[in-house]
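Heads up: the structure comes next, in structure tokens.
Letters go in sequence order (proteins before strands), and every chain restarts at 1.
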2 protein chains.
Amino acid sequence: MNFLQEVVDILLAYIVESFDRSTKVIDFHYPNELLQRNNWELSDEPETLDDILISCRATLKYAIKTAHPRYFNQLSTGLDMVGLAADWLTSTANTNMFTYEVAPVFVLLEYVTLKKMREIIGWQDGHGDGIFSPGGAISNMYAMLLARYKMFPEVKEKGMSSVPRLVAFTSEHSHFSIKKGAAALGIGTESVICIKADERGKMIPSDLERRIIEAKQKGYVPFFVSATAGTTVYGAFDPLIAIADICKKHDVWMHVDGAWGGSLLMSRKHRWKLNGVERANSMTWNPHKMMAVPLQCSALLVREEGLMQSCNQMQACYLFQQDKHYDLQYDTGDKALQCGRHVDIFKLWLMWRAKGTIGFEAQIDKCLELSEYLYNKIKDREGYQMVFDGKPQHTNVCFWYLPPGVRYLEDKVERMKRLHKVAPVIKARMMEYGTTMVSYQPQGDKVNFFRMVISNPAATFEDIDFLIEEIERLGQDL
Amino acid sequence: MNFLQEVVDILLAYIVESFDRSTKVIDFHYPNELLQRNNWELSDEPETLDDILISCRATLKYAIKTAHPRYFNQLSTGLDMVGLAADWLTSTANTNMFTYEVAPVFVLLEYVTLKKMREIIGWQDGHGDGIFSPGGAISNMYAMLLARYKMFPEVKEKGMSSVPRLVAFTSEHSHFSIKKGAAALGIGTESVICIKADERGKMIPSDLERRIIEAKQKGYVPFFVSATAGTTVYGAFDPLIAIADICKKHDVWMHVDGAWGGSLLMSRKHRWKLNGVERANSMTWNPHKMMAVPLQCSALLVREEGLMQSCNQMQACYLFQQDKHYDLQYDTGDKALQCGRHVDIFKLWLMWRAKGTIGFEAQIDKCLELSEYLYNKIKDREGYQMVFDGKPQHTNVCFWYLPPGVRYLEDKVERMKRLHKVAPVIKARMMEYGTTMVSYQPQGDKVNFFRMVISNPAATFEDIDFLIEEIERLGQDL
């Protein structure tokens with residue numbers, strides 16, 4: 001107990017430090033250096049608790065401060081105190097989600113929360129099904145699995161060789177997990193047809209319909225469309241109403257990957273961007289991103305009740321005894337792909353209680369306001385070029401910073417070649433100084449650009465100002 | 001911060017209570033009762049922090065005390081203070097496993113720990129690969145995915161329709177996740193051939209070979225054998241050497257599902273039960289079970305390096321930039337099925353440092369000693385009947401308790417019918433009194449029996465004595 005309290009004291013100090021702008025986001029070291037500088041080896045003999053405390057301190061010393069108000073590197077940032085407390089409680093309760101028997105409260109809270117989320121999506125009376133899964137990639141994989149089973153239930157017993165060639169559709173800007181899922185499920189990445197996106201990164205519905213018809217003509221069976229609500233790089237929202245019309249017409253399962261953008265449903269100001277989501281058959285929604293719930297917390301919501309159960313159940317009698325003394329509808333284990341399942345619900349539920357829906361809304365609205373502030377500030381600023389025109393729809397702001405040495409180059413090829421190297425160098429310097437972190441990547445034929453995202457409720461206008469100054473400071477000599 | 005400390009105080013009190021034998025394992029209520037008795041609803045408006053503390057207390061009040069020395073219900077029990085502290089630190093660090101960039105220390109610790117585990121398996125110099133996945137079912141699914149890819153790499157792009165009919169083999173006592181994985185991967189449950197087990201629950205190698213040959217004769221392609229090291233119900237260890245010989249002869253991937261029994265590799269006294277595991281191509285090993293690491297902590301170990309990467313990579317450039325300034329071999333995200341991946345490594349690593357290998361060994365040996373004590377105590381005791389003969393190989397002890405009213409029944413059919421109802425009633429009473437919890441299930445043609453398992457290092461000989469007395473007390477009138 002004393003030991004636990006000592007660790008808590010270390011953690012509390014770390015948290016205070018994480019929110020302090022004068023501390024580094026990261027104390028960066030190269031992998032080999034970090035391996036050599038510390039003894040991380042496992043041995044036969046035990047260490048003392050004092051050594052263990054030293055290991056805890058060392059681990060935190062070299063960790064990224066993901067709660068730092070200037071950490072913009074990922075879609076999941078920030079640290080909510082209620083969410084953290086809930087996660088500590090979850091660890092202490094140390095149980096599994098498979099049955100009401102071993103997790104009575106958590107199973108009920110999942111039931112209550114999934115229903116609430118379905119109501120927010122707009123499914124009638126919150127009817128339907130769902131599960132918290134280990135991340136958006138697995139949630140998307142569940143959706144694909146359900147779509148396949150819905151159309152060809154025999155695939156469960158007989159496998160893919162019993163069905164015609166299935167094809168799935170998603171935009172060229174969608175998350176790679178759609179292809180990863182198709183590879184794993186035995187569908188194959190070549191059967192994932194990438195639909196063109198417009199210059200803002202939104203799926204072009206006419207291209208979707210054209211490709212569906214083309215696939216049918218080849219004798220393939222379109223079974224799954226994954227629309228994205230909030231793409232990873234551009235933060236684009238696919239036009240869900242138009243996509244829903246096409247899915248209905250061609251009788252294809254409509255999935256909405258809202259891992260990143262789904263949380264905008266919590267905002268009265270921004271939820272129109274997902275109009276049409278209520279017509280989807282399934283939706284991925286990760287509260288660990290835009291709602292800043294501690295990692296991980298990803299939900300798959302499904303409109304049809306009972307489908308998950310029949311798709312995934314194996315009725316292992318040693319786990320799901322049918323002669324138990326309570327109502328078995330709360331035993332959720334058999335509808336999961338997992339056997340044991342981590343308790344991811346409590347942190348979301350407790351944060352929701354502490355903030356209310358309006359608290360999440362305010363937090364989300366503020367992040368979007370910050371991104372608009374950044375956009376307005378750099379769109380006409382010298383040395384900046386936006387990757388696409390127009391106000392950001394999500395908190396993603398994609399831009400190039402052109403250092404003076406690149407800005408005035410006349411040779412376009414040389415300019416692009418030089419520009420491609422700018423973001424990686426600035427990013428490496430950010431990490432070495434530890435002042436801030438923001439992501440970059442190329443996309444299609446576009447050379448490396450910065451992708452700024454804001455999901456940390458602790459970020460302010462000043463932090464945005466700082467980011468711009470820092471990019472210019474670190475990039476001026478390039 | 002005050003709030004966090006208040007939650008910690010609640011948690012510390014809960015922990016003390018959990019280890020106290022005079023408190024209940026569970027304060028049981030039926031689902032509807034629990035739903036009505038409390039307000040778990042989510043609303044628009046926030047609650048006060050005081051209300052949040054009340055919710056925390058209520059959640060713990062109705063939780064199962066999985067650390068209680070008399071909680072024997074699952075394969076994962078107990079609560080280790082170092083493991084718990086590590087999990088609290090993990091929550092506080094709140095990051096993801098995909099790259100060295102966002103999780104430098106955790107990624108290195110995973111690297112170090114997986115290597116150590118491979119050394120313990122006996123793979124040369126600890127070479128190979130692996131990943132911590134969200135549970136044994138997903139680890140097993142990874143293994144099946146890798147085996148398929150190894151034999152038919154084109155399946156990744158072209159799907160299952162490009163390959164001949166694949167068949168997998170596992171014993172009739174194996175975990176249901178093998179079938180679940182086959183269903184998900186598009187292989188189909190009918191292509192999982194169940195091999196006969198002997199009366200102790202061990203796979204019969206001659207039956208395996210017969211079924212492999214039979215499958216080949218039908219034109220099917222055997223690609224995967226999953227041997228079990230520690231079955232869920234009987235705790236049986238399949239004969240790995242004989243199975244390895246057959247896999248080698250027929251050129252089939254050999255997987256060992258050691259989710260439950262893999263940890264016996266840590267014990268010099270018991271590791272012989274896994275002799276032959278060093279010849280496997282992959283192994284599932286869940287430290288969250290027999291090593292009492294907090295949930296979840298499941299590893300998949302793979303003998304061939306690089307295979308996971310080529311099987312699963314999609315090279316999403318926005319996540320795995322190739323022009324980063326550090327050694328990219330530590331960016332593990334692209335070999336995973338998940339995108340974001342929870343940090344499950346730190347609790348295992350820190351416990352290993354605190355206990356040393358010999359600490360885990362002592363803990364495991366003690367649990368096995370307790371189960372042998374139970375076995376010796378009941379094997380000839382009046383009113384008990386063992387489900388199978390002989391000393392337990394793992395901590396599973398499977399037995400019927402025959403209450404006086406059933407014990408002397410001459411009509412065999414009636415006796416079985418009555419006996420089938422005994423365990424569920426005793427279990428329901430255990431939960432209502434809250435004194436202890438132990439699992440039961442039928443198996444094949446065997447009516448409901450108790451499956452005792454011991455993985456809680458806090459359990460003692462007295463707790464075993466208590467269990468026997470309690471079963472007799474609660475069942476005497478049946």
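Heavy-atom pairs under 4.5 Å with chain A peak, among B:Lys65, B:Gln313, B:Lys421, B:Arg148, at B:Arg148. Highest contact tally toward chain A, considering only B:Ser43, B:Pro31, B:Ala423, B:Ala182, is held by B:Pro31 [criterion: heavy-atom pairs under 4.5 Å]. The greatest number of non-hydrogen atom pairs below 4.5 Å with chain A, out of B:Asn32, B:Leu337, B:Thr77, is found for B:Leu337. Taking A:Val82, A:Leu49, A:Ile138, A:Ile26 one by one and counting their heavy-atom pairs under 4.5 Å with chain B, the maximum is reached by A:Val82. In terms of non-hydrogen atom pairs under 4.5 Å with chain A, the most contact-rich of B:Asp327, B:Asn38, B:Leu35 is B:Leu35. Comparing B:Gly181, B:Ala85, B:Ser133 by heavy-atom pairs within less than 4.5 Å of chain A, the highest count is held by B:Ala85. Between chain B and the options A:Ser18, A:Ala103, A:Pro294, the largest number of non-hydrogen pairs under 4.5 Å is found for A:Pro294. In terms of non-hydrogen atom pairs under 4.5 Å with chain B, the most contact-rich of A:Gly136, A:Cys56, A:Ser191, A:Gly359 is A:Cys56. Counting heavy-atom pairs closer than 4.5 Å to chain B, the top residue among A:Thr48, A:Val16, A:Asp44 is A:Asp44. Looking only at heavy-atom pairs under 4.5 Å with chain B, the residue among A:Met160, A:Gln296, A:His288 that has the most is A:Gln296. Listed options A:Pro104, A:Ala86, A:Gly159, A:Ser162 were ranked by heavy-atom pairs under 4.5 angstrom with chain B; first place goes to A:Gly159.
When heavy atoms are compared at a cutoff of 4.5 Å, B:Tyr326 approaches chain A by way of both its backbone and its side chain. Residue B:Asn448 touches chain A through its side chain alone, counting heavy-atom pairs closer than 4.5 Å. In this structure, chain A has no heavy atom under 4.5 Å from any part of B:Asn286. Contact annotation for A:Val343: neither backbone nor side-chain heavy atoms come within less than 4.5 Å of a heavy atom of chain B. Contacts of A:Leu60 with chain B are made by side-chain atoms alone, with heavy-atom separations under 4.5 Å and no backbone atom involved. Proximity to chain A is absent for every atom of B:Glu361, based on heavy atoms less than 4.5 angstrom apart. Residue contact with chain A, scored on non-hydrogen atoms closer than 4.5 Å, is absent for B:Leu75. Contact annotation for B:Val425: neither backbone nor side-chain heavy atoms come within less than 4.5 Å of a heavy atom of chain A. With a 4.5 angstrom heavy-atom cutoff, B:Leu108 touches chain A only via side-chain atoms. Residue contact with chain B, scored on non-hydrogen atoms closer than 4.5 Å, involves the backbone of A:Ala336 exclusively. Heavy atoms of A:Phe3 lying under 4.5 Å from chain B belong exclusively to its side chain. Of the atoms belonging to B:Val163, not a single heavy atom falls under 4.5 Å from chain A. With a 4.5 Å cut-off on non-hydrogen atoms, B:Phe106 touches chain A through its side chain but not through its backbone. Contact annotation for B:Thr59: both backbone and side-chain heavy atoms come within less than 4.5 Å of a heavy atom of chain A. Interface remark: B:Leu109 contributes side-chain atoms only to the contact with chain A (heavy atom separation under 4.5 Å). When heavy atoms are compared at a cutoff of 4.5 Å, A:Leu12 approaches chain B by way of both its backbone and its side chain. Residue A:Gln5 touches chain B through its side chain alone, counting heavy-atom pairs closer than 4.5 Å. Contact of B:Leu89 with chain A is made through backbone and side chain together, with heavy-atom distances under 4.5 Å. Contact annotation for B:Ala259: neither backbone nor side-chain heavy atoms come within less than 4.5 Å of a heavy atom of chain A. With a threshold of 4.5 angstrom between heavy atoms, A:Tyr14 approaches chain B through side-chain atoms but not through N, CA, C or O. Heavy atoms of B:Val155 lying under 4.5 Å from chain A belong exclusively to its backbone. Interface remark: A:Thr113 contributes backbone and side-chain atoms alike to the contact with chain B (heavy atom separation under 4.5 Å).
Using a 4.5 Å heavy-atom cutoff, the side chains of A:Asn96 and B:Gln74 are not in contact. Residues A:Leu34 and B:Tyr330 fail the side-chain proximity criterion, which asks for heavy atoms closer than 4.5 Å. Annotation: side chain of B:Arg353 is not in contact with side chain of A:Asp51 (no heavy-atom distance under 4.5 Å). With contacts defined as side-chain heavy-atom distances shorter than 4.5 Å, the pair A:Val7/B:Leu84 does not qualify. Side-chain contact between A:Trp352 and B:Glu41 is absent, with no heavy-atom pair separated by less than 4.5 Å.
Here the straight-line distance linking atom CG of B:Leu295 with atom CZ of A:Arg341 works out to 13.0 Å at 0.5 Å rounding. Here the straight-line distance linking atom OG of A:Ser55 with atom CZ of B:Phe346 works out to 7.0 Å at 0.5 Å rounding. One finds the CG atom of A:Leu42 at 11.0 Å from the NZ atom of B:Lys115 (value rounded to the nearest 0.5 Å). B:Glu157 contributes atom CD, which lies 9.5 Å from atom NZ of A:Lys179 (distance to the nearest 0.5 angstrom). Taking CD from A:Glu190 and NZ from B:Lys158, the interatomic distance works out to 3.5 Å, rounded to the nearest 0.5 Å. Going from atom OG1 of B:Thr95 over to atom CD1 of A:Ile64 covers 7.0 Å, rounded to the nearest 0.5 Å.
Within a 6.0 Å radius of OH in A:Tyr111, no more than 12 heavy atoms belonging to other residues, nucleotides or ligands are found.
Of all non-hydrogen atoms in B:Ala428 and A:His325, the two that sit nearest each other are CB-CG, 3.5 Å. Of all heavy-atom pairs spanning B:Asp334 and A:Lys180, the tightest one is O-NZ, 3.3 Å. Between A:Thr66 and B:Ala93 the shortest heavy-atom distance is OG1-O, 3.1 Å. Closest approach of B:Ala184 and A:Leu145 over heavy atoms only: CA-CD1, 3.7 Å. The nearest pair of heavy atoms linking A:Pro424 to B:Asp323 is CG-OD2, 3.6 Å. The shortest non-hydrogen separation linking B:Asp87 to A:Ser91 is OD2-OG, 2.9 Å.
When only modelled atom types and interatomic distance are considered, A:Asn73 and B:Glu101 share a side-chain donor-acceptor pair under 3.5 Å.
Relative ring orientation between A:Tyr100 and B:Phe28 is described as perpendicular, the plane-to-plane angle rising above 60° on a 0-90° scale split at 30° and 60°.
Judged by distance alone, the side chain of A:Trp88 and the main-chain N or O of B:Trp88 form a donor-acceptor pair under 3.5 Å. Put simply, the side chain of A:Trp349 gets close to the backbone of B:Trp40: a donor and an acceptor are under 3.5 Å apart. Panel note: side chain A:Asn94, backbone B:Gly78; a donor-acceptor pair is recorded below 3.5 Å. Side-chain N or O atoms of A:Gln338 include one that pairs as donor or acceptor with a backbone N or O of B:Pro134 at under 3.5 Å. Using a distance-only test at 3.5 Å, with no hydrogens or angles considered, no donor-acceptor pair links the side chain of A:Lys355 to the main chain of B:Pro46.
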